Amino acid sequence: MTDGATTPPNLLSDLNEDQRIAVTHEGGPLLIVAGAGTGKTTTLTHRVAALIARGADPRRILLLTFTRRAAAEMLQRVEASLRKIDTPSGPSDPRMAARGVVGGTFHAVSARLLRQFGSGVGLPPDFTVVDRADAEDIVNAVRGELELPQKMPKFPKKATCTAVYSRIVNTGVGLTETLENDYPHLIDFSDGLRDLFRSYRERKRAEAVLDYDDLLLYWDQLLADERAGPMLRKQFDHVLVDEYQDTNPLQASILRQLRPDGDGLTVVGDDAQAIYGFRGATVRNILDFTDTFGDATIVPLELNYRSRQPILDLANDVIGGATERLEKNLRASRPDGPRPMLVRAQDEAEQASFIADEVLALTEQGFELRGQAVLFRSSYHSAPLEIELNRRGIPFHKYGGIKFIETAHVKDLVAFLRLAENPRDSLSARRVLTLLPGIGEKSAARLADRLREADHDFAAWDDFNPPAATKEFWPGFVKLLRQLLGADDAWMSVEEQVRAVRLFYDGLIEFVHDHAATRRKDLEQLEVLSARSSDRRSFLTEMTLDPPTSTRELASRPPEEDEDFLTLSTIHSAKGLEFDAVFVMNCYDGAIPSDMSLESDEKIDEERRLCYVALTRARTHLYCCHPLRQYTKRRGLSDAYGFTPLSRFLSGDVQSRFNERSAGGEPLPEKPLSTEPLANVRSAVDQRLDSMWD
DNA sequence: GTTGACCAGCTTTTT
DNA sequence: GCTGGTCAAC
């Protein structure tokens with residue numbers, strides 16, 4: 001396939017020796033163990049460019065990434081690399097060449113594949129894909145219909161059931177074993193869960209609905225089929241996988257089946273950065289790569305181009321305590337630099353105001369906002385900071401946390417389109433029906449049944465006698481659905497369809513939700529966003545598989561060239577990114593590591609890697625901030641769990657690795673004020689108030 | 001029989 | 001702020 005053609009020298013000029021080996025490697029399976037900041041993306045994109053330059057057909061290259069954003073960025077960089085080549089073997093139009101490469105997430109690639117080849121396994125091409133929240137709602141609906149044993153402690157709730165189900169599918173570990181290992185407290189429910197999962201599967205099949213897990217499962221099963229498998233294998237000569245440490249056993253199986261002997265397979269990853277164990281990913285995939293593919297070549301990338309040595313020293317210390325890992329030694333190519341800063345704040349407000357001050361101070365020194373980021377373990381941790389930034393007019397974009405697509409009003413609107421796209425989808429039917437006043441769960445379920453019995457013809461709803469409260473809405477409601485159903489024939493664009501729903505929904509939104517005004521604005525935004533999709537089907541698929549991930553992607557106007565903004569992100573969503581200055585918020589025990597993860601060594605190890613990911617995002621300045629007190633609804637104002645931040649990850653004297661600083665400017669007492677006197681003050685205030693109206 | 005108002009409790013990370 | 005449960009009113 002590459003005919004022994006040589007790699008154009010231009011493509012190698014910027015690379016170090018190890019990277020060159022990885023880029024020019026031919027034939028058998030290749031594992032690139034790329035430490036943080038070692039030019040992983042550069043290596044991967046150069047490798048794709050080199051394959052193309054050596055004559056590989058771009059359409060027969062599959063590039064699997066973790067997000068679509070990553071895929072798009074990589075293909076852009078492949079393009080840039082191809083432009084550097086002006087040897088005769090270089091393709092004439094690099095843009096077209098790079099565009100031919102099939103790229104995306106495992107899930108998105110599978111969805112495309114199943115639209116084409118799914119009919120053989122009984123998947124109609126108009127199947128719809130549901131996200132996690134919808135899957136939970138279907139599970140919940142099924143659970144309600146089933147006669148489940150109501151044992152003493154109650155049957156697990158929908159989120160738990162769905163999590164168990166998903167873990168089973170993605171790890172391939174059976175129900176009993178999964179319960180024993182990961183959910184020992186649910187062992188008594190195994191019969192009920194088994195029934196539930198069976199019904200859930202049947203419901204999805206009857207309604208032509210796939211969840212995230214089905215996408216992988218069907219792809220894997222197609223590959224195992226003796227007729228379909230060989231066809232699918234022949235589709236690609238080269239398969240490259242980014243972030244391999246975050247793949248799960250099902251994804252590994254797909255890869256094994258795509259390239260059984262590993263020929264043409266390249267995986268890139270860093271076991272030290274595996275942070276998706278909670279959704280079934282396993283470090284074993286990368287640790288066992290050489291066992292799976294006997295003749296695998298391993299190329300470690302150890303020269304770090306990103307972080308200054310003091311930052312790297314700290315990160316290496318943190319990861320040094322991990323139990324099992326592939327050996328590598330990160331060396332900095334940028335030796336000197338400021339030591340990481342440990343910042344103590346009295347409380348979260350002071351932490352927020354310190355970060356805002358320091359961000360501005362760095363701006364004065366010439367660092368742009370876009371080169372700075374604030375990272376946190378949980379999305380809601382950033383709330384006080386967001387308030388502070390808004391107050392000071394510092395522009396920022398937030399990644400991670402609840403997404404636009406997950407908000408109730410957006411789901412409402414999308415449900416109309418989903419129902420029109422796939423009228424078998426009873427979840428969407430019930431969702432849109434219950435929006436109407438006077439129609440609740442029961443009536444909605446009955447109407448959904450009628451629709452099914454009428455073979456999904458909306459005429460079934462014509463002779464429905466609506467309750468008084470919804471008389472005025474009903475005709476418009478049915479008319480709208482008819483209109484959406486005929487949208488294709490009427491050449492109605494997605495944007496027009498969204499607008500039609502929006503106008504109808506406008507009359508209901510006040511009844512259904514608070515804050516109607518802001519929600520209306522969101523829906524206008526959604527209409528703008530929908531214009532980018534060519535048709536309804538791809539709009540719906542993109543919204544579930546690649547929803548907008550930040551407030552920036554939702555901006556209706558394209559970002560201006562000189563627009564500058566600070567990045568706020570969960571650590572998870574910051575994977576793969578780098579910044580000149582990084583602030584890690586809430587570095588106290590209970591937040592980092594999360595108190596939800598303290599129950600087992602494996603979970604704490606994942607928190608350790610998460611911490612490592614956070615630290616290694618920084619190029620020059622790194623701040624680890626921790627408030628001494630925090631305010632929670634549950635406990636009120638209280639001491640943050642651990643006074644020594646990161647002590648769970650660092651042995652010995654934590655402070656000695658940092659320069660210390662107090663956020664408030666004043667030297668702090670060794671221990672924070674006890675909360676005892678504060679409680680007294682509060683009761684005194686209560687007494688005073690009582691005396692005023694008694 | 002249904003709907004919807006009201007209250008209590010909890011809230012990780014995401015394809 | 002969202003979900004699940006309870007209960008009064010339609």
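Keep in mind the model is a prediction, meaning the values are calculated, not measured. Numbers restart at 1 for each chain; the letters A, B, ... are given by sequence-line order, proteins then strands.
For A:Pro437, whose side chain is taken as the heavy atoms from C-beta onward, the closest listed nucleotide among B:dT15, B:dG4, B:dT13 is B:dG4. Side-chain atoms of A:Ser573 lie closest to B:dT14 of the nucleotides B:dG4, B:dT15, B:dT14. The listed nucleotides are B:dT15, B:dT2, B:dT13; the one nearest the side chain of A:Thr105 is B:dT15. The listed nucleotides are B:dT13, C:dT3, B:dT15; the one nearest the side chain of A:Lys158 is C:dT3. In the set B:dT13, B:dT14, C:dG1, B:dT14 carries the atom at the smallest distance from any side-chain atom of A:Tyr276.
Salt bridge annotation for A:Arg450-A:Asp463: present, with a cationic side-chain nitrogen under 4.0 angstrom from a carboxylate oxygen.
At a threshold of 4.0 angstrom between heavy atoms, the contacts of A:Glu441 are confined to the sugar-phosphate backbone, with no base atom among them. Nucleic acid contact for A:Arg609: none, since no nucleic acid atom lies under 4.0 Å from a heavy atom of the residue.
Taking the six-membered ring wherever Trp is involved, the centroid distance between the rings of A:His572 and A:Phe376 does not fall below 6.0 Å.
Here A:Ser443 reaches the OP1 or OP2 of B:dT3: one of its side-chain N or O atoms lies under 4.0 Å away. Checking the phosphate oxygens (OP1, OP2) of B:dT12, no side-chain nitrogen or oxygen of A:Arg279 falls inside 4.0 Å. OP1 or OP2 of B:dT12 has not a single side-chain nitrogen or oxygen of A:Ser379 nearer than 4.0 Å.
Atom pair A:Lys442:NZ and C:dC10:C1' shows a separation of 17 Å (rounding to whole Å applied).
Position along DNA chain B of the nearest nucleotide to A:Gly438 versus A:Lys603 favours A:Gly438 as the more 5'-ward residue. Toward the 5′ end of DNA chain B lies the nearest nucleotide of A:Lys157, the other residue of the pair A:Leu545 and A:Lys157 mapping further downstream.
Judged purely by atom type and a 3.5 angstrom limit, A:Gln257 uses its side chain to pair as donor or acceptor with the backbone of A:Ala224.
Geometric assessment of A:Arg115 against the ring of A:Phe127 yields a positive cation-pi assignment under the 6.0 Å and 45° thresholds.
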